[in-house]
Amino acid sequence: MSQIIKNISQIRERMNQACLRANRNPDEVKLLLATKTVSSDNIKIALEAGETLIGENRAQDLKNKYIDLQSLPHEKHFIGHLQTNKIKEVLRYDVSCIQSVDRLDLAEKLQNRLEFEKKEMNIFIQVNTSNEASKFGVSPDKAIELTKQVAEFPRIHIKGLMTIGLFSAEEQKVRVCFKMLKDIKQQIALLNLPNVEMKELSMGMSHDLEFAIEEGSTMIRVGTAIFGKRIYADSYYWNENR
Ligand SMILES: *Cc1c(COP(=O)(O)O)cnc(C)c1O
């Protein structure tokens, strides 16, 4: 059996165990495959094994893999840092959700382009819960305001929040990030904003998915633990400029 398929079943098992510990129904947590640097052939192995949700970080990668993956039904999210000059490109490749909306000018330009193309888009607001300068995302104290502003754009539908937890060996510090995202989600939900549905909490990656699920994640994004180590530093893929 392919290593990728074995890895997926291990991840599914880790997800189930975490749900069990947290008294949650495993159906509440979706698995998104983070496929940056992963070849179309390897992504196909996962899709043929029954996975249905992938996430790419760069417009160029969406383009390069588009034809290869077209024959296999799947859903695609954009999870990387998005420069406004790449919006047009991202909209070309059937992305169903942009998880990384973190600033007003991006949302505004996205709205304008969607208006021009007569399309709509689901998004998550990305929050920088770890307060690391190296990470993208709106700062936690500005997240609610940004959500209110983006909610005004009729072609953009806010479906939840996304974060990348602190990279740390200290469990509590990682959990603080996830707790913070859930707390912001609940605060926003209470506002009952039109055009805002606080359904999804996209948090948890290969190394911290258990903590994220225990803290309320509804979608984990896993790359390394399924497809193996990447050769470039993640900062490379979080910057659309490169
Ligand atoms: C790469 C990436 C992931 C997956 O990270 P792994 O540690 O490889 O599981 C999750 N989210 C985002 C935004 C990513 O860029």
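Values below: every heavy atom of this structure, side chains too, minus hydrogens, waters and symmetry copies. Numbering of ligands and ligand atoms starts at 1, following listing order.
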Counting each atom of ligand 1 from 1 as listed, which ones have a heavy atom of Arg221 under 4.0 Å away? 4 (C), 9 (O), 10 (C), 11 (N), 12 (C), 13 (C)
Does the side chain of Ser39 pick up a donor-acceptor pair with the side chain of Asp41 at under 3.5 Å? no
Numbering the atoms of ligand 1 from 1, which are under 4.0 Å from a heavy atom of Thr224? 6 (P), 7 (O), 8 (O), 9 (O)
Is there a nitrogen or oxygen of Ile164 sitting under 3.5 Å from a nitrogen or oxygen of ligand 1? no
Would you mind listing which atoms of ligand 1 come within a distance below 4.0 Å of any non-hydrogen atom of Val222? 9 (O)
Would you mind telling me if ligand 1 is within reach of the side chain of Ser206, the backbone, both or neither, using heavy atoms under 4.0 Å? both
For ligand 1, indicate whether the residue Lys36 contacts it via side chain, backbone, both or neither (heavy-atom separation under 4.0 Å). side chain
Pair up each side-chain donor or acceptor in residues 144-153 with any protein partner under 3.5 Å, not counting sequence neighbours, and list the distances.
| residue | atom | partner | partner atom | Å |
| --- | --- | --- | --- | --- |
| Thr147 | OG1 | Ala143 | O | 2.7 |

Contact atoms of ligand 1, heavy-atom distance to Gly223 under 4.0 Å: 4 (C), 6 (P), 8 (O), 9 (O)
What about Ile79 and Leu166, same hydrophobic cluster or not, with Ile/Leu/Val/Met/Phe/Trp/Tyr joined at side-chain heavy-atom distances under 4.5 Å? no
Quick one: do the Ser96 and Glu75 side chains pair a donor with an acceptor below 3.5 Å? yes
Close approach of Gln99 to ligand 1, heavy atoms, under 4.0 angstrom: no
Look at the rings of His81 and Phe136 and say which category their plane angle falls in: under 30° parallel, 30 to 60° tilted, over 60° perpendicular. parallel
Check against side-chain hydrogen bond (donor to acceptor under 3.5 Å, both in side chains), Glu120 and His157: CA-CA 8 Å; Glu120 313 212 348; His157 308 299; 2.5 Å; yes
Going through the checks in order, is the side-chain hydrogen bond (donor to acceptor under 3.5 Å, both in side chains) test met by Asn112 and Glu108? CA-CA 6 Å; Asn112 291 343; Glu108 195 170 357; 5.4 Å; no
So the atoms of ligand 1 within less than 4.0 Å of a heavy atom of Asn57 turn out to be 14 (C), 15 (O)
